[in-house]
Amino acid sequence: MPRPSPAYITTPIYYVNDRPHIGHAYTTTLCDVWSRAMRLDGRDVFFLTGTDEHGLKVEKSARDRGISPQALADENSAEFRKVMGLFGLTNDDFIRTTEPRHESQVKLFVEKLMKSGDIYLGEFAGWYDEGQEEYVTDTRAKELEYKSPISGKPLVRATEKNYYFRLSAYQAKLEAFFAANPRFVRPDGRFNEVLGRMRDGLQDVPVTRTNFTWGIGMPDAPEHVIYVWIDALFNYATALGLGDPNGALAKDRARFWPPEYHVIGKEILWFHAVIWPALLMACGLEMPKCVYAHSFWISNGQKMSKSLGNFIDLPTIQGYFDKYGLDAWRWYMATQGPIGTQDADFSPKHFHEIYTANLVNTFANCASRTSSMMEKYFAGSMPAADTASMPISAAAGAPTWSVFTQQAAEKTLKHYSDFELAEAGNTALSIVRAVDLLINETAPFKLAKDPTKMDEVARIIAACAEGVRVAAVLLTPIMPNKCGEVLAAYGSPIAADGGMLAAARWGGLKAGTKIAKCAPFMRVDAPTA
RNA sequence: GCCGAUGUAGCUCAGCUGGUUUAGAGCGCUGGAUUCAUAACCCGGAGGUCGGUGGUUCGAGUCCACCCAUCGGCACCA
């Protein structure tokens with residue numbers, strides 16, 4: 001048995017100044033599906049999520065509420081953690097940027113970068129909006145005619161000392177790295193955006209500010225507070241203890257580095273695709289394999305925004321759980337989401353159609369009709385029958401069931417591994433469709449009226465049952481609960497190890513196994529809206 | 001403004017480096033068949049000038065130019 005290979009996947013850490021909504025749930029669910037798939041395949045997965053808790057906004061919100069920033073962070077971080085639990089997510093850790101283990105390591109990283117000269121103290125001069133307490137870029141200031149867009153007051157010329165990261169020094173190295181790793185940023189369209197911006201040239205970026213205090217202070221210069229984004233990016237490394245390579249945490253977890261996927265929303269692509277790799281180069285750490293930037297959900301054709309108040313928020317999501325169930329929600333997230341370059345629309349009608357077409361009419365109905373015939377004709381006991389060399393249909397050139405399902409399983413695994421979750425789900429469903437086809441083609445319910453043909457009926461139904469079992473195995477990462485139900489009803493829970501392909505191998509259902517009637521997804525009324 | 005996409009059946013989209021078809025799939029719609037199943041599954045149909053115009057070519061959704069429309073990125077933000 002080969003040593004299980006480590007697999008590290010991360011979500012962004014979520015900013016505690018926000019309320020959890022579909023965006024957070026989506027990103028985290030995708031990572032969860034991937035994690036479950038890789039675990040099912042026997043890999044040693046480390047799945048990380050958490051909360052980003054420093055910064056001006058948190059400081060302000062806390063002040064408005066008359067509580068300490070830490071109290072606000074504690075409250076909202078707990079909310080995120082609770083929510084992740086509701087979604088049945090299997091993260092292996094939940095990191096918070098206010099934890100000592102994170103803060104101490106960020107300081108170690110920064111010290112290292114100071115020593116190497118990658119971080120230096122420089123002077124910043126720019127146009128400052130006093131009302132908003134923020135700088136605006138030179139070009140933006142010109143556009144605004146040097147007036148605040150909010151208050152209309154003139155912008156002032158201000159200077160301050162800041163620490164900078166020497167990003168400009170990494171232009172050539174990054175370009176070489178990107179050229180050598182054409183799958184580093186996905187989808188492709190996003191990589192093109194990054195490459196396009198790279199052509200404008202990289203400038204050093206500030207890593208500290210002095211206009212707020214809620215954050216990690218610079219070593220030896222605590223009035224300079226480390227910018228939230230750099231603080232946040234390092235979470236991926238501090239969670240594994242990499243800031244302190246000889247520490248206990250690193251001993252336990254360093255083997256997970258580098259990440260297989262940093263899954264993020266498109267709005268933070270630049271940080272993850274350019275600044276983060278440069279920081280890692282400066283720290284001497286290996287590059288992540290892939291930064292996957294998904295797009296956004298829109299709501300009934302409209303962008304979600306605070307002003308429109310049309311966020312798919314937790315109560316809304318809870319409504320879907322109540323009506324369709326958690327696994328149906330996960331199916332929708334995994335197969336219909338904005339995983340590509342384009343935003344995806346979330347609508348009650350579409351959700352319902354997908355639920356009915358894929359889960360009720362296809363997956364559940366097939367599991368139901370098959371188990372029903374098993375009960376009716378074989379007293380709910382898997383008949384002994386040789387099905388491996390049986391063709392999936394009478395059509396010329398049709399593959400055998402064992403070959404067909406093995407190929408489907410390999411394809412499904414590849415899709416999961418490559419973060420093509422919709423394709424993985426659909427490939428698994430294709431087995432169910434083939435079972436439906438077999439039933440229709442051979443009509444075992446007709447043959448069963450002739451007692452001399454029961455051997456043939458046995459072969460057909462046995463193949464159907466095995467097909468359903470294999471499909472349920474392959475769909476488990478997306479729908480762990482319902483597939484668990486089906487596999488339990490079919491008397492064949494997934495074995496503890498051996499990998500996804502072994503679990504999906506034809507012939508897992510032994511003769512004599514009890515198979516109970518099951519119907520995992522029931523029809524529900526269409527939404528009125 | 002700069003950079004980059006996309007525009008194919010009602011909807012969501014496949015169509016790689018041009019000539020396998022009379023341009024495909026899923027969903028929706030419609031006719032039929034059927035009963036093992038959750039009015040499900042299966043078969044058939046409905047026809048979209050492949051955004052527009054002009055080119056290159058023996059031949060173009062598939063290449064080029066221009067135009068129209070929609071969208072994304074441009075360093076707060078899933």
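Numbers restart at 1 for each chain; the letters A, B, ... are given by sequence-line order, proteins then strands.
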(message) So if I take every side-chain heavy atom of Gln203(A) and compare against rA75(B), rC36(B), rG73(B), which nucleotide ends up nearest?
(response) rA75(B)
(message) Under 4.0 Å, heavy atoms only, any strand: does Ile354(A) hit a base, just the sugar-phosphate, or nothing?
(response) nothing
(request) Remember a base hit wins even if backbone is also touched, and classify Arg433(A) as base, sugar-phosphate or nothing at under 4.0 Å, heavy atoms. (result) nothing
(request) With the side chain of Lys57(A) defined as its heavy atoms from C-beta on, choose the nearest nucleotide among rG72(B), rC76(B), rU38(B). (result) rC76(B)
(request) Could you work out the separation of rU70(B) and rG31(B) based on their P atoms and round it to a whole Å? (result) 38 Å
(message) Rounded to whole Å, how long is the line connecting atom NE2 of His350(A) with atom C1' of rC11(B)?
(response) 8 Å
(request) Would you please classify the geometry between the His54(A) ring and the Trp214(A) ring as parallel, tilted or perpendicular, with 30° and 60° separating the classes? (result) perpendicular
(message) Distance check, C1' atoms only: rC16(B) and rC11(B), in whole angstrom units.
(response) 26 Å
(message) Rounded to whole Å, please give me the gap between OH in Tyr227(A) and P in rA75(B).
(response) 12 Å
(message) Measuring only the C1' atom in each nucleotide, how far is rG61(B) from rG24(B)? A whole number of Å is fine.
(response) 12 Å
(request) Would you indicate which nucleotide in rC41(B), rU38(B), rA37(B) comes nearest to any side-chain atom of Asn440(A)? (result) rC41(B)
(message) Would you call the rings of Phe351(A) and Tyr332(A) parallel, tilted or perpendicular, taking 30° and 60° as the class edges?
(response) tilted
(message) If the glycosidic angle sits within 90 degrees of zero it is syn, else anti. Tell me which applies to rG61(B).
(response) syn
(request) Compare the minimum distances between each of rU35(B), rC42(B), rC36(B) and the side chain of Tyr377(A), then state the nucleotide with the smallest one. (result) rC36(B)
(request) Among the candidates rC42(B), rC27(B), rC77(B), find the nucleotide nearest to the side-chain atoms of Glu353(A). (result) rC27(B)
(request) Establish, for the pair Arg330(A) and Phe87(A), whether the NZ or CZ atom is under 6.0 angstrom from the six-membered ring centre and no further than 45 degrees off its axis. (result) no
(request) Give a yes or no on whether the ring-centroid distance for Tyr261(A) and Phe419(A) is below 6.0 angstrom. (result) yes
(message) Parallel, tilted or perpendicular: which one describes the rings of His262(A) and Tyr236(A), with boundaries at 30° and 60°?
(response) tilted
(request) Among rA75(B), rU38(B), rC36(B), find the nucleotide with the atom closest to the side chain of Arg197(A). (result) rA75(B)
(request) Assign each of Asp343(A) and Gly201(A) to its nearest nucleotide of RNA chain B by heavy atoms, then name whichever residue's nucleotide is nearer the 5' end. (result) Asp343(A)
(message) Once you measure the plane-to-plane angle for Tyr324(A) and Tyr320(A), does it fall in the parallel (<30°), tilted (30-60°) or perpendicular (>60°) bin?
(response) parallel
(message) Counting only side-chain heavy atoms from C-beta out, which of rC41(B), rG72(B), rC36(B) sits nearest to Asp436(A)?
(response) rC41(B)
(request) Using a 4.0 Å heavy-atom cut-off across all strands, classify Pro520(A) as base, sugar-phosphate, or nothing. (result) base
(message) As a test of reading the structure: which of rC43(B), rC41(B), rC77(B) is closest to the side chain of Asn361(A), going by heavy atoms?
(response) rC41(B)
(request) Can you tell me the distance, in whole Å, between the CD1 atom of Ile298(A) and the C1' atom of rU70(B)? (result) 12 Å
(request) Convert the base pairs of RNA chain B into dot-bracket notation, remembering that pairs crossing earlier ones are written with [ ] and that bases paired across to another strand are shown as |; include only Watson-Crick or G-U pairs under 3.5 Å. (result) (((((((..((((.....[....)))).((((.........)))).....(((((..]....))))))))))))....
(request) Select from Arg523(A) and Lys446(A) the residue whose nearest nucleotide in RNA chain B is closer to the 5' end of that strand. (result) Lys446(A)
(request) Could you measure between the two C1' atoms, the one in rC2(B) and the one in rU62(B), and give it in whole Å? (result) 30 Å
(message) Heavy atoms from C-beta onward define the side chain here; which of rU38(B), rA75(B), rU35(B) lies closest to that of Val205(A)?
(response) rA75(B)
(request) Determine the interatomic distance between C1' on rC41(B) and the same-named atom on rG32(B); round to the nearest Å. (result) 14 Å
(message) In whole Å, measure the gap between the P atoms of rG59(B) and rG18(B) for me.
(response) 16 Å
(request) Would you indicate which nucleotide in rU38(B), rC27(B), rC36(B) comes nearest to any side-chain atom of Ala357(A)? (result) rC27(B)
(message) Could you tell me how far apart Arg186(A) (CZ) and rG73(B) (C1') are, to the nearest whole angstrom?
(response) 20 Å
(request) For Tyr15(A), answer base if it contacts any base atom (sugar-phosphate contacts may also be present), sugar-phosphate if it contacts only those atoms, and nothing otherwise; contact means non-hydrogen atoms under 4.0 Å. (result) nothing
(request) For rG48(B) and rU12(B), measure between their C1' atoms and round to the nearest Å. (result) 15 Å
(message) Just so I know, are the side chains of Ile95(A) and Leu48(A) near enough to count as touching, which here means a heavy-atom distance under 4.5 Å?
(response) yes
(request) Describe the nucleic acid contact of Leu269(A) in one word from base, sugar-phosphate, nothing, applying a heavy-atom distance below 4.0 Å. (result) nothing
(request) Run the salt-bridge test on Glu456(A) and Lys453(A) with the 4.0 Å N-O cut-off and return the result as yes or no. (result) no
(message) In whole Å, measure the gap between the C1' atoms of rG47(B) and rU22(B) for me.
(response) 12 Å
(message) For Trp276(A) and Phe234(A), take the angle between the two ring planes, folded into 0 to 90°, and tell me which bin it lands in: parallel under 30, tilted 30 to 60, perpendicular over 60.
(response) perpendicular
